[in-house]
Amino acid sequence: MLAHGLLTQHLKQALKDSYGIDADEKDIVLQKTRKEFEGDFTLVTFPFIKAAKQSPEQVGDTLGKFLLAANSTFTKYNVVKGFLNISLSNDFWLQFFSGAQIENYGYKKEGSSGKTIMVEYSSPNTNKPLHLGHIRNIILGYSVANILRTQGHNILKVNLVNDRGIHICKSMLAWQKFGNGETPQSSGIKGDHLVGKYYVEFDKQYKKEIAELVSQGKPKEEAEKQAPLILEAQQMLQKWEAGDKEVKDLWKKMNGWVYDGFATTYSVLGVDFDKTYYESDTYLLGKELVQEGLDKKVFYKKDNGSVAIDLSADGLDEKIVLRSDGTSVYITQDIGTAIERFKEFPQLNQLIYTVGNEQEYHFKVLFLILQKLGYAWAKECYHLSYGMVELPDGKMKSREGTVVDADELLDEMFSTAEQTTKELGKVEGFANDELKHLYKTIGSGALKYFMLKVDAKKKMLFDPKESIDFNGNTGPFIQYTYARIQSVLGKAGETKAIDPKVELNELERELIKLVYEFPSVLEESAKTYNPSHIANYIYELTKTFNRFYHDHSILKEENETIKQLRLALAKQCGQIIKNGMNLLGIEVPNRM
RNA sequence: GGCACCGUAGUUCAAUGGAUAGAAUAGAAGUUUCCUAAACUUUAGAUGCAGGUUCGAUUCCUGCCGGAGCCA
């Protein structure tokens, strides 16, 4: 970074010349000067006082004097306790800003890093519709993929659908028994919801059977295993694995409904995938790896015939990778799938799994096994772990029906957006489909921003009784600011290049400094796989812009050079707001 | 039992070991002949407890209390 490099270089020289200190660059801690003090950047002088054998104030003063004498870019300094606040010249900031007025400011050229990264997210089951937890997963994965792309990486977005197993058979069986041939078309129910309905129905009937068996005197555990429905579902799974045509046809039909339903939700959320994997294609992968692991003596056979790996030396436990009956477990598939992907995409450098933090142990084990099997890329596998979305009375649990349905919540957001928009009455002249699109933009923007502004790693609380805000630190607040900027720019007509001599006022300077920060925010966000940094930055930029907009007129400014500067600032702030929001998967409207 | 995580205003969230712990919302009080008031301004309010390391701790270490998780 321009200013940081310049400051670091001069400070290094100053420390050497004044005190004979060969400072390490990481000891030169430069931060943004806090608002209550004068200055642009602040150096913490404490690390040097021992070697300098002077008080923090003296060190600050000495270094400040040195900087001013060395380069005219540094115009002023002041020292408060151990903090040296340095001001940079008007010229410097203007010159910087002139170079920053580009559309893709802060982005590295796509592919310039030479790295290819696969980001997996969503990864749903096909037996139930998506809920709020899935939304967090989806927009987090999508956003992180976008953010990594700004750092010059090639990105592959993938989805892995869990489309087989006993849970699917439960839905299928319940539909066969109680469905009367109902389809999404005949019922008007979205496909994934229809299948979910029968998953719930299965559970209901199954519980009834268990209760009956228990009342006949069977122990509960036995009853759970012997209920006719569960036996039938297990038979169905066996038939599926044997390739029974009737079962497979039903499976295809019902999964088709679910995919249609998911596609709709993905489209509403504005996310997409470069490739979708299906577990029905990949669930047998990894079995042959077990033999390889045995040959390499990474795995061992246990007395009961199962195969395991001992990870106790790494602080983990023994992990079974093949059951005694020869069937594989989840981790076996995951091993196989990972290896397959690196074969399929030889240029792949990194594989990111967007999965909840309840599976942290699973991924630790997975990556460790891959490493022990000798795959060098195992080090580059990353579990993008995020916290659960909790309701006021605890975690969401599909089986207990305590979930916030994704489609319902989105519809609610859209109608709230519609209602608010109508109340404010600013959308004269909008066509019907434009209005619909606007409600969607605002509603989903509120929801996505709500979820991405918080640290992805932490669990978050969602209270269905309190609607998601549209005022304050929210998506619509930022969208609104963008719309105001576009309105001003639309009225301004032609703009000219800014005058390099124009004097900046406090808020103009503040805005340029924020523009200066954007690229490092992108880097930080990419490095930590955390979109919340971008969300918080955009919010700060927006807030500052609103203050500027309130205090200083742009279009009515009589001094033409100042007016042009303000227009340029408005334009670039708008551009960054738009780019930042797009990285979060949020659209911004030109009017609202 | 073992492993890792969390605890900040009434509430929901911020704070690469740095200055007087920031916001939003709810509360109180204001701003409209002026580029969109979904905005702006003012005000009140918080680091679970006890130690330790450090010039400096919300952040690192130890113990306790409280909350959720994974592996058995």
Side-chain angles (χ1 to χ4, degrees), chain A residues 26 29-37 39 42-50 55-56 79-85 311-312 314-319 356-365 385 387-388 390 392 394-395 416-417 420-421 423-428 442 445-446 450-451 453-455 457-463 466-492 520 524 527-528 532-533 535-537 539-540 542-543 545-557 563 566-567 570 589-592:
Chain A
K26 52 180 192 294
V29 179
L30 281 169
Q31 50 195 277
K32 200 177 154 185
T33 301
R34 300 188 61 149
K35 284 198 185 78
E36 54 272 38
F37 303 100
T42 298
L43 173 79
V44 184
T45 62
F46 287 112
F48 310 110
I49 55 173
K50 233 180 226 168
S55 72
V79 181
V80 182
K81 291 191 246 176
F83 301 92
L84 168 62
N85 302 319
L311 299 170
S312 54
D314 298 280
L316 305 174
D317 293 314
E318 175 184 79
K319 177 75 194 175
N357 62 8
E358 52 196 355
Q359 300 221 36
E360 260 165 26
Y361 184 82
H362 174 84
F363 281 102
K364 242 186 233 173
V365 171
S385 166
M388 298 289 102
E390 290 184 5
K395 206 181 134 181
T416 309
T420 310
T421 305
E423 274 167 21
L424 293 169
K426 293 181 187 173
V427 284
E428 268 175 53
I442 297 172
F450 173 79
M451 306 202 79
K453 77 173 174 186
V454 309
D455 187 339
K457 285 191 288 297
K458 291 191 183 168
K459 65 167 192 237
M460 66 180 294
L461 193 101
F462 176 81
D463 189 346
E466 285 177 40
S467 52
I468 291 175
D469 263 313
F470 280 42
N471 298 323
N473 186 356
T474 67
F477 166 81
I478 294 167
Q479 290 170 324
Y480 170 73
T481 304
Y482 179 81
R484 281 211 304 202
I485 291 173
Q486 296 320 301
S487 167
V488 170
L489 293 176
K491 287 174 183 162
S520 59
E524 178 66 15
K527 208 172 82 189
T528 55
S532 73
H533 290 122
N536 292 330
Y537 165 83
Y539 174 62
E540 203 188 334
T542 302
K543 230 166 102 79
F545 186 85
N546 277 335
R547 197 146 30 95
F548 165 73
Y549 180 92
H550 180 266
D551 291 356
H552 306 288
S553 181
I554 299 170
L555 295 176
K556 296 215 164 70
E557 172 56 46
K563 181 176 167 182
R566 291 183 181 169
L567 282 169
N590 287 320
R591 259 185 78 188
M592 69 183 271

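A, B, ... follow the sequence lines: proteins, then strands. Residue 1 opens every chain.
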Side chain proximity check, Tyr480(A) to Phe470(A), heavy atoms < 4.5 angstrom: no
[atom1] gap between [N] and [M], integer Å:
N      : M      : atom1 : value
U33(B) : A19(B) : C1'   : 45 Å
A72(B) : U16(B) : C1'   : 38 Å
A29(B) : C64(B) : C1'   : 45 Å

Report yes or no: is the ring centroid of Phe46(A) under 5.5 Å from the six-membered base ring centroid of G18(B), with the two planes under 30 degrees? yes
Whole angstrom is fine here: how far is it from [atom1] in [X] over to [atom2] in [N]?
X         : N      : atom1 : atom2 : value
Phe363(A) : C3(B)  : CZ    : C1'   : 18 Å
Leu43(A)  : G17(B) : CG    : C1'   : 15 Å
Glu390(A) : C5(B)  : CD    : P     : 17 Å
Gln31(A)  : G17(B) : CD    : P     : 12 Å
Lys458(A) : U58(B) : NZ    : P     : 15 Å

Where the side chain of Glu358(A) is concerned, which of C35(B), C55(B), G69(B) is the nearest nucleotide?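 Selected nucleotide (nearest to the side chain): G69(B).
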Residues in side-chain contact (heavy atoms from CB on, under 4.5 Å) contact with Lys459(A), at least two apart in sequence or another chain: Glu390(A)
Please check if any side-chain donor atom of Asp469(A) sits under 3.5 Å from a side-chain acceptor atom of Thr474(A), or the reverse.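 No, because no side-chain N or O of Asp469(A) sits under 3.5 Å from a partner of the opposite role on Thr474(A).
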Across the strands shown, which category fits Val454(A) at heavy-atom distances under 4.0 angstrom: base, sugar-phosphate, nothing? sugar-phosphate
With heavy atoms under 4.0 Å as the rule, sort Leu424(A) into base, sugar-phosphate or nothing.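 Base contact.
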Letter per nucleotide, 5' to 3', of nucleotides 22-30 of chain B [B base touched, S only sugar-phosphate touched, - untouched; heavy atoms, 4.0 Å]: SSSS-----
Any side-chain N or O of Ser487(A) less than 4.0 Å from the OP1 or OP2 oxygen of C35(B)?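 Indeed not, no polar side-chain atom of Ser487(A) lies that close.
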Toward the 5' end of RNA chain B, by each residue's nearest nucleotide, Gln359(A) or Phe462(A): Phe462(A)
